[in-house]
Amino acid sequence: MSTGPGLESLVDQTISVITNDGRNIVGVLKGFDQATNIILDESHELVYSTKEGVQQLVLGLYIIRGDNISVVGELDEELDSALDLSNLRAHPLKPVIH
């Protein structure tokens, strides 16, 4: 299985991972393997709600199985830090259906 182009260039960068069950986990990519299992450090989950602001659940060092990953993307830390998550409202993501 290929890990896809560019994943190597994201090591030690802050990334956002959308899992198949609709979770959004943000952290620093520390490593990955041939099955695209990834290790994140300093990670947190963003929990969206239409009634209150975005909650950040601290996870710390976190491993995500490759078969549970839907999307991996680089995070623009400057743009992300400018967001006021307490005033942001959004529907939670629905699970990915294959």
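Just the heavy atoms: all of them, side chains too, but no hydrogens, waters or symmetry mates, feed the values below. Note that the structure is a prediction, hence the values are computed from the model and not measured.
Note that CG of L93 is 5.5 Å distant from CD1 of I18, once rounded to the nearest 0.5 Å. Here D80 contributes atom CG and D76 contributes atom CG; the two are 8.0 Å apart, rounded to the nearest 0.5 Å. Atom CD1 of I38 is separated from atom OG of S43 by 9.5 Å, given to the nearest 0.5 angstrom. The distance from the NE2 atom of H91 to the OG atom of S49 is 9.5 Å, given to the nearest 0.5 Å. Between I39 atom CD1 and I64 atom CD1 the span is 11.0 Å, to the nearest 0.5 Å. Atom CD1 in I15 sits 7.0 Å away from atom CG in L7 (nearest 0.5 Å).
Taking hydrophobic clusters as Ile, Leu, Val, Met, Phe, Trp and Tyr residues chained together by side-chain heavy-atom distances below 4.5 Å, V11 shares a cluster with L40. Hydrophobic clustering of Ile, Leu, Val, Met, Phe, Trp and Tyr side chains at less than 4.5 Å, counting indirect connections, keeps V47 apart from V96. Residues V26 and L83 share a single hydrophobic cluster, defined by chaining ILVMFWY side chains whose heavy atoms lie under 4.5 Å apart. Linking Ile, Leu, Val, Met, Phe, Trp and Tyr residues whenever their side-chain heavy atoms come within less than 4.5 Å places F32 and L10 in a single cluster.
Using a 4.5 Å heavy-atom cutoff, the side chains of T14 and L29 are not in contact.
Across every non-hydrogen atom of G66 and N37, the tightest pair is N-OD1, 2.7 Å. Closest heavy-atom contact between Y48 and P92: O-CG, 3.4 Å. Here the closest heavy-atom approach between residue T36 and residue I69 is recorded as O-CD1, 3.4 Å. The two residues L59 and R23 make their nearest non-hydrogen contact at CD1-NH2, 4.5 Å. In this structure, K30 and D41 approach most closely via the heavy-atom pair CG-CB, 3.7 Å.
In terms of the side chain to side chain contact (heavy atoms under 4.5 Å, CB included) criterion, residue partners of E42 (sequence neighbours excluded) are, by chain and number, V28. For N87, the side chain to side chain donor-acceptor pair (under 3.5 Å) criterion is met by D84, not counting sequence neighbours.
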Residues L85, L46; criterion side chain to side chain contact (heavy atoms under 4.5 Å, CB included); working and verdict: CA-CA 9 Å; L85 295 178; L46 298 175; 4.2 Å; yes
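Atom CZ of R89 has more than 12 heavy atoms from other residues, nucleotides or ligands within 6.0 Å.
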Donor-acceptor pairs under 3.5 Å, side chain of residues 50-57 to any protein atom, not counting sequence neighbours: which ones?
from	atom 1	to	atom 2	distance (Å)
E52	OE2	Q55	NE2	2.8
Q56	OE1	H44	NE2	3.2

